[in-house]
Amino acid sequence: MNRVREIKGLIRQEILAALDQAAAAGSLTLDSVPAFAVEVPRDKNHGDFAVNVAMLLAKSQGKAPRVIAQMILDQMKVRPDWLVRVEIAGPGFLNFTIEPMYFHAVLPAIAKEDKDYGKSDFGGGHKVQIEFVSANPTGLLHMGNARGAALGDTLGNIMSAAGYEIKREYYINDAGNQIENFGKSLEARYLELLGQTCQFPEEGYHGEDIIETARHIVTAEGDRFLHMESALRREFLIQAGLKEKLDNIRRTLEEFGVIYDVWFSEQSLHDDGEIKDTIQELREKGLLYEKEGALWLKATSFGEEKDEVMVRANGVPTYFAGDIAYHRNKFRRGFDTVINIWGADHHGHVARMKGAMGALGFDPDRLEVILMQLVRLMQGKETVKMSKRSGQYVTLSELMEDVGKDAARFFFVMRSADSQMDFDLELAKSQSSENPVYYVQYAHARIHSLLKMAGPGDREGEADWSLLKEPAELELIRKLADLPEEISQAAKDREPHRMPRYAMDLAALFHGFYTDCRCLVEDPELRKARLGLADATRIVLRNTLALLGVSAPERM
RNA sequence: GUGCCAAUAGCUCAGCUGGAUAGAGCAACGGCCUUCUAAGCCGUCGGUCCGGGGUUCGAAUCCCUGUUGGCACGCCA
């Protein structure tokens, strides 16, 4: 049940009918009705819904907004039973106050829909792919990856709930220079461990984890790569090393609650000839030319500042060429929309990627890139320098150990993607008990303990919901009714950070209700109704936390 | 240098397709447990929405400009 949406529709109809009558009566001259909003006002003194149509008409009518609002109001002579009153307020808003009992109907609906409450068919089964994290498999996952993981996974949950068909995908960068580097680094460590002296490559990965991986290979394979020709040895080491790194990444993400539908290998695009095909297609469209031994893409033809190399003089395709082939592949798989979550350091890549898609005949708007500002790690007031090459970074595993999966996910999703965020390690550890996530979880645990205390007869049969009329009760019910709209809006705007806020608001209203209204009262009818409200709140809190990938504990 | 993103309470951040008295969490201060979990509730304190212009019934929100910070501008990925 989506009561909020229903009522918005009813209000819209009322307004349209009133405008119609006003026009017929000659008080307004309407060529067209402006696209007005039916919104939930921030301040509850402004009613349940506010309509701004009078202000929008002010200019074309040459009248003051409040005068127009009065004209509209004059036409609304019959009050439907769901409507308590309409008032003109402020600069010309029409504020609608809804019969409270009209919202009470969500309570039995929530109990009935249970895990499905909040879901909708808003997305109409649109096929959407979300690609996120896609960290190089040459190291461990760091804080930036963690933020991307929490954002991407939660967005996927939200859009699924809102009726989109979602596939999660991880693009494995298992080709190219960084893999060569990875091989060289592993080789050096491998030889070192077997007592050889050798120079560590300058561009190599200095992290401890590479030594660890090399050690595992020595344990598993012994010295059988020792006397091989270097190129062949690297082949073997890369294969073994990649497997270990990818297993580690997959395992860590699973611990973080992220399960992918597809792990897509960059190398497979080389092997299957898809990159070649893509380049051929671009060639046929006249978008390629040769210069200084390399093959260039005329990116300037679709508005870029400069052209881009597709195939280097040494015959190896660039990362960009591979990425174009990859995105072409995505669209050819039939997704209506493709969403990428990228670090802000890739923003220069967005326009040319969209341009390339357009050049290949795909609507660039179907590729959406959510740019995520990087996470700056603080140790108190000191910035912690992070670099994968130097091996100095805090990993996702360490983060989960320090602050836990629940707090980490909640914390990352709470911020909008485009805010630069400082993550203070000391604060995260020391303040873990003051993290807002506990506030929400506590509300859930409180309800559980309350319900456990209820007697067997307390929940039987339908409650008389009309007994719930305290302000704290009405506000809480109103919030519960919001969930489906909240989810579909967050999905539509690709704004996962709205859900933690909803969860905090809901928890606050519950705590207020809990303080103001005793549930376990003598009166059996009131008791039943209040326990029913608490139970509905439990369901909504649990469903919201599930979207965030945060646990809903029954005891704390 | 050119381009992109940002700047809102002591701190971390919401609010931005123009809308009503700018919000939350944390921190600080003062109250509330013989009764359903005090990881809670109530109250107080806290603001040049970075500065300056402009657009209009109305600007934190849009435009111009300046300042400060982050990032990007490779035959790297």
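Chain letters run A, B, ... following the sequence lines, proteins first, then strands; residues in each count from 1. None of these values were measured; they are calculated from a predicted model.
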Novice: Give me the ring orientation class for A:Tyr170 and A:Trp263: parallel if the planes are under 30° apart, tilted from 30 to 60°, perpendicular past 60°.
Specialist: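 Parallel, since the angle between the ring planes stays under 30°.
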Novice: Taking only Lys NZ, Arg NE, NH1 and NH2, and the carboxylate oxygens of Asp or Glu, determine whether A:Lys298 and A:Glu308 approach each other closer than 4.0 Å.
Specialist: no
Novice: Which residue lies toward the 5' end of RNA chain B, A:Phe411 or A:Lys306, if each is placed at its nearest nucleotide?
Specialist: A:Phe411
Novice: Say you pick atom C1' in B:rG18 and the same atom in B:rU61; how far apart are they, in whole Å?
Specialist: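 The same atom, C1', in both gives a distance of 6 Å.
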Novice: Please give, in whole Å, the distance from B:rA77 P to A:Tyr319 OH?
Specialist: 9 Å
Novice: Given atom CE of A:Met414 and atom P of B:rC26, what is their separation to the nearest angstrom?
Specialist: 11 Å
Novice: Classify the nucleic acid contact of A:Met504 as base, sugar-phosphate or nothing, counting any heavy atom under 4.0 Å across all strands shown.
Specialist: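 Touches sugar-phosphate only.
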Novice: Does A:Asn177 place a side-chain N or O at less than 4.0 Å from the phosphate oxygens OP1/OP2 of B:rC76?
Specialist: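 Yes, such a contact exists.
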Novice: For the P atoms, the ones on B:rC49 and on B:rA60, what distance do you get once it is rounded to whole angstrom?
Specialist: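 Their P atoms lie roughly 8 Å apart.
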Novice: When the distance from CG of A:Leu526 to C1' of B:rC36 is rounded to whole Å, what number comes out?
Specialist: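 Taking atom C1' of B:rC36 as the reference, CG of A:Leu526 is at 13 Å.
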Novice: Give A:Arg501 one of three labels, base, sugar-phosphate or nothing, depending on what nucleic acid heavy atoms sit under 4.0 Å from its own.
Specialist: sugar-phosphate
Novice: What is the distance, rounded to the nearest whole Å, between atom CZ of A:Phe320 and atom C1' of B:rG74?
Specialist: 14 Å
Novice: Measuring only the C1' atom in each nucleotide, how far is B:rU44 from B:rC50? A whole number of Å is fine.
Specialist: 29 Å
Novice: Give a yes/no answer on whether the side chain of A:Arg527 brings an N or O atom under 4.0 Å of OP1 or OP2 in B:rC36.
Specialist: no
Novice: Dot-bracket for RNA chain B, please. Rules: Watson-Crick or G-U, both distances under 3.5 Å, ( ) within the strand, [ ] when a pair crosses earlier ones, | for another strand, . otherwise.
Specialist: (((((((..((((.....[...)))).(((((.......))))).....(((((..]....))))))))))))....
Novice: Nearest-nucleotide wise, let me know which of A:Leu520 and A:Thr318 is further upstream toward the 5' end of RNA chain B.
Specialist: A:Leu520
Novice: How are the rings of A:Trp296 and A:Tyr289 set relative to one another: parallel (under 30°), tilted (30 to 60°) or perpendicular (over 60°)?
Specialist: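 The arrangement is parallel - the two ring planes meet at less than 30°.
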Novice: Above 12 or not: heavy atoms from other molecules or residues under 6.0 Å from NZ of A:Lys276?
Specialist: no
Novice: Identify whether any heavy atom of A:Met453 sits under 4.0 Å from a base atom; if not, whether one sits that close to sugar-phosphate; answer base, sugar-phosphate or nothing.
Specialist: sugar-phosphate
Novice: When you check the side-chain N and O atoms of A:His327 and A:Asn340, is any donor under 3.5 Å from an acceptor?
Specialist: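 Yes, because at least one side-chain N or O of A:His327 sits under 3.5 Å from a partner of the opposite role on A:Asn340.
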Novice: Expressed as a whole number of angstroms, how long is the span from A:Glu292:CD to B:rG74:C1'?
Specialist: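 Rounded to whole Å, this separation is 13 Å.
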Novice: How long is the line joining CE of A:Met556 and P of B:rG40, in whole Å?
Specialist: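 Value for this atom pair: 9 Å.
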Novice: Determine the contact category for A:Arg352: base if any of its heavy atoms lies under 4.0 Å from a base atom, sugar-phosphate if only primed atoms, P, OP1 or OP2 are that close, otherwise nothing.
Specialist: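 Counting heavy atoms under 4.0 Å across all strands, the contact made by A:Arg352 includes a base.
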Novice: Scan side-chain atoms only and decide if A:Lys306 and A:Thr300 contain a donor-acceptor pair under the 3.5 Å cut-off.
Specialist: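 Side-chain D/A pair, A:Lys306 to A:Thr300: absent.
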Novice: Can you give one letter per nucleotide of nucleotides 15-20 of chain B, 5' to 3': B if a protein heavy atom sits under 4.0 Å from the base, S if only from the sugar-phosphate, - if neither?
Specialist: S---BB
Novice: At under 4.0 Å between heavy atoms, what does A:Glu308 touch on the DNA or RNA strands: base, sugar-phosphate, or nothing?
Specialist: nothing
Novice: For the pair made of OH in A:Tyr502 and P in B:rA24, what is the distance, rounded to whole Å?
Specialist: 19 Å
Novice: When you check the phosphate oxygens OP1 and OP2 of B:rC41, does a side-chain N or O of A:Thr515 lie under 4.0 Å from one of them?
Specialist: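 Answer no for this pair, as no side-chain N or O of A:Thr515 is under 4.0 Å from OP1 or OP2.
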Novice: Check if the side chain of A:His347 and the base of B:rC71 share a donor-acceptor pair of N or O atoms closer than 3.5 Å.
Specialist: yes
Novice: For A:Lys291, is there an ion pair with A:Asp307 - N to carboxylate O distance below 4.0 angstrom?
Specialist: no
Novice: Students often get this wrong, so: under 4.0 angstrom with heavy atoms, is A:Tyr514 touching a base, only sugar-phosphate, or nothing?
Specialist: base
